[in-house]
Amino acid sequence: MLTYNLKIGLLPVRRWIKEPPKRYGIFQSDYAVENKNICVPYIKEHYTDEMTSFVDIEWLNEEGVLCLEEDCDKVVEYFKEQKIDALFVINCNFGMENVVGLVAKKLNIPTLLWGPRDRHFENDIRYTDTQCGLFAMSKQLKRANVKFSYIENCDIESEVFDKGINQFFSVATMVKNFKDMRVLQVGTRIKPFKSIMYNELELAEKFGLDVRIFNMAEAMQDLTRLYKEKAVQLDEDLVKLKATFDCGNLDDEYLKKMLTIVYYYEELAIKNDCNIISSECWTGITLGWGANPCLAMCLLNDKNIFVTCEWDMHMTITNILLLSASRGKCKPIQGEFTTRNPDNDNSELLWHCGPFPMEYKDENVKPFLYNTKPSFKLKDGEYTISRFQCENGKYYLLGGKVKTCDGPKTFGTYMWVEFDNLPKVERKIIEGPYIHHMTEIPGDYTAELKEFCKYIDEVQYDDINS
């Protein structure tokens, strides 16, 4: 089950020098504690929400700040007991790079490094040197092989800080879900689709992917049962469907059989505590059940159950990463490279036969069922495009952003997008490890995709425009 909840450990640190009870001048502890007393409450007040919580170290000493090596194990033990997902190091003055390295290495979780901009200058004395300490800390983290993110030395109320901390939340969520992937697989790979082959054993060994397989015989039994059990609900669903879609000349029984597939996928997801399904789509279910599943894939987006069509496991993993990057606020779109725009050399049709979320439908178009499959144009805007892919045992994460543009009306779910240099992108996909299947999501998450790859050694980021 994907989760977008994060518990962040806040670790304020300051410099300790063997000194009398109170040191005056450079590295004076009062100024470090003052920074802590501003930063920790500010972060809790402005960034705590239903998905994000924080754990501090106020219990450690009267300052609530770490500065002694002998306290590191206590802090590590406490954070582990609290089951934090990520660590946020707040450098309150020059700090102690050794204690930061010790704690971060033992926790081995995504780590964010930042310190407030130096603002304490009085009587010809600098009291904090926070930025200087950040340079030292970064080297200690690297030598300890700690993967970390960084927000440049800035004021806590700045846009730079806000953008940086939210980006870190996204990346930490991506890492958390990537290391605990569970995918339900319905049916087997479509016979001619060798381009979507994947190595299940390697994904399990490298990344911990757990694939749970359901064969088509089980699916037919469950669909038959649900068609009877949900008879009343299906009649109600049919009324709603006809009010939303132009269903053409499809008869009610066929439409209800398509709607039954919604309940089948939903039941699978609930029973297996998983909202990601990779499904065979236009041979087994269609032949065995007598109805296509594309409508179900479209409608299930409203229930936050996501079904990858054509049994593409690498696209399923891409969906997980983009969902996590948005922390569940956006839905994945499975638009594949299909055809070049006849009137724009840099424009491409991103299309699939029905699975796009209705939430992103262009409000000016009426959705219809073409050959049983949902058909509508997506609303205009900026989208992130991505694909997770393997070639010769090496894993890549393609990322970039695109904007919609004008193009011919067509069937299926689709959008026309424009690239800076489409022939270059086309050649990258042809000559690189990728296939034409892609995932998109509203907004720009390219920085998050790139930052995510810092935490996973086996995955290399690849800019789609490079």
Side-chain angles (χ1 to χ4, degrees), residues 6-48 52-120 122 125-141 144 146 148 151 153 155-156 161 165 168:
L6 287 177
K7 185 181 285 188
I8 311 291
L10 298 177
L11 184 66
V13 295
R14 73 166 178 88
R15 189 71 166 176
W16 182 87
I17 300 174
K18 191 172 182 180
E19 55 191 22
K22 178 65 66 176
R23 176 184 175 85
Y24 293 97
I26 188 70
F27 304 146
Q28 185 173 331
S29 60
D30 290 349
Y31 293 90
V33 175
E34 179 183 328
N35 273 339
K36 189 268 314 187
N37 287 337
I38 293 172
C39 294
V40 171
Y42 182 92
I43 291 167
K44 288 184 175 182
E45 178 183 352
H46 289 82
Y47 297 101
T48 299
T52 315
S53 60
F54 299 95
V55 178
D56 59 41
I57 57 169
E58 288 297 323
W59 53 270
L60 182 63
N61 51 44
E62 64 180 14
E63 296 178 344
V65 177
L66 178 64
C67 61
L68 300 174
E69 283 190 359
E70 53 261 38
D71 287 335
C72 289
D73 285 343
K74 288 187 287 187
V75 170
V76 169
E77 182 180 357
Y78 177 72
F79 279 154
K80 286 183 176 180
E81 288 174 354
Q82 294 295 312
K83 297 181 179 179
I84 65 171
D85 302 298
L87 178 68
F88 184 3
V89 177
I90 304 169
N91 194 29
C92 296
N93 60 11
F94 184 87
M96 296 289 285
E97 64 265 34
N98 53 332
V99 301
V100 170
L102 284 169
V103 172
K105 184 175 183 178
K106 289 185 177 182
L107 288 173
N108 192 30
I109 54 178
T111 297
L112 177 62
L113 177 62
W114 170 80
R117 189 166 174 177
D118 296 298
R119 295 293 184 185
H120 297 291
E122 298 174 5
I125 298 176
R126 305 184 324 274
Y127 288 102
T128 53
D129 280 5
T130 298
Q131 187 199 44
C132 188
L134 290 169
F135 293 120
M137 285 181 180
S138 67
K139 297 304 173 286
Q140 187 62 22
L141 289 172
V146 172
F148 68 94
I151 302 175
N153 184 227
D155 294 319
I156 197 167
F161 180 84
I165 193 170
F168 179 71

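One is the number of the first residue; the rest follow in order along the sequence.
- If you take CG on Leu10 and CZ on Phe54, they are separated by 6.0 Å, rounding to the nearest 0.5 Å.
- Contacts of Glu97 classified as salt bridge (Lys or Arg N to Asp or Glu O under 4.0 Å), with partners at least two apart in sequence or in another chain: Arg15.
- Counting all heavy atoms, side chain and backbone alike, Pro110 lies closest to Asp85 at CD-O, 3.6 Å.
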Begin from the C-alpha positions of Gln131 and Asp118 and carry the test side-chain hydrogen bond (donor to acceptor under 3.5 Å, both in side chains) through to its verdict.
-> CA-CA 7 Å; Gln131 187 199 44; Asp118 296 298; over 6 Å; no

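- To the nearest 0.5 Å, atom CG of residue Asp30 and atom CZ of residue Arg14 are 9.0 Å apart.
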Could you go step by step and tell me if Leu66 and Met96 meet the side-chain contact (heavy atoms from CB on, under 4.5 Å) rule?
-> CA-CA 9 Å; Leu66 178 64; Met96 296 289 285; over 6 Å; no

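- Annotation: side chain of Met137 is in contact with side chain of Val13 (closest heavy-atom distance under 4.5 Å).
- A salt bridge between Lys36 and Glu58 is present, with a side-chain N of the basic residue lying under 4.0 Å from a carboxylate O of the acidic one.
- Residue Ser53 holds its OG atom at 7.5 Å from CD1 of Ile8, rounded to the nearest 0.5 Å.
- We find the CD1-CG distance between Ile90 and Asp56 to be 9.5 Å, quoted to the nearest 0.5 Å.
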So Gln28 and His120, side-chain contact (heavy atoms from CB on, under 4.5 Å) or not? Walk me through it.
-> CA-CA 11 Å; Gln28 185 173 331; His120 297 291; over 6 Å; no

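- The nearest pair of heavy atoms linking Val55 to Phe79 is O-CE2, 3.8 Å.
- In plain terms, the two heavy atoms of Leu87 and Ile109 that are nearest each other are N-CD1, 3.8 Å.
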Evaluate side-chain contact (heavy atoms from CB on, under 4.5 Å) for Asp129 paired with Phe27, printing each intermediate quantity in order.
-> CA-CA 8 Å; Asp129 280 5; Phe27 304 146; 4.1 Å; yes

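- Separation of atoms CD (Glu69) and CG (Asn98) is listed at 4.5 Å; rounding is to 0.5 Å.
- Contact detail for Trp16 and Cys67: the closest heavy-atom pair is CB-O, 3.6 Å.
- The distance from the CG atom of Leu11 to the CG atom of Leu112 is 11.5 Å, given to the nearest 0.5 Å.
- No side-chain donor from either of Asn91 and Thr130 sits under 3.5 Å from a side-chain acceptor of the other.
- Between Cys39 and Pro12, every side-chain heavy-atom pair lies at or beyond the 4.5 Å cut-off.
- Glu70 CD: more than 12 foreign heavy atoms inside a 6.0 Å radius.
- The aromatic rings of Tyr42 and Phe161 sit perpendicular, their planes meeting at an angle over 60°, well past the 30° parallel limit.
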Verdict with reasoning, Tyr31 to Glu122, per side-chain contact (heavy atoms from CB on, under 4.5 Å) | CA-CA 12 Å; Tyr31 293 90; Glu122 298 174 5; 3.6 Å; yes

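- Pairs of residues two or more places apart, or lying in two chains, that qualify as side chain to side chain donor-acceptor pair (under 3.5 Å) and include a residue from residues 103-117 are Asp73-Lys106.
- Between Val99 and Cys72 the shortest heavy-atom distance is CB-SG, 3.6 Å.
- Residue Cys132 comes nearest to Phe94 through the heavy atom pair SG-CE1, 3.3 Å, listed as atom of the first residue, atom of the second, then distance.
- Sequence neighbours left out, not one pair with a member in residues 132-141 passes side chain to side chain donor-acceptor pair (under 3.5 Å).
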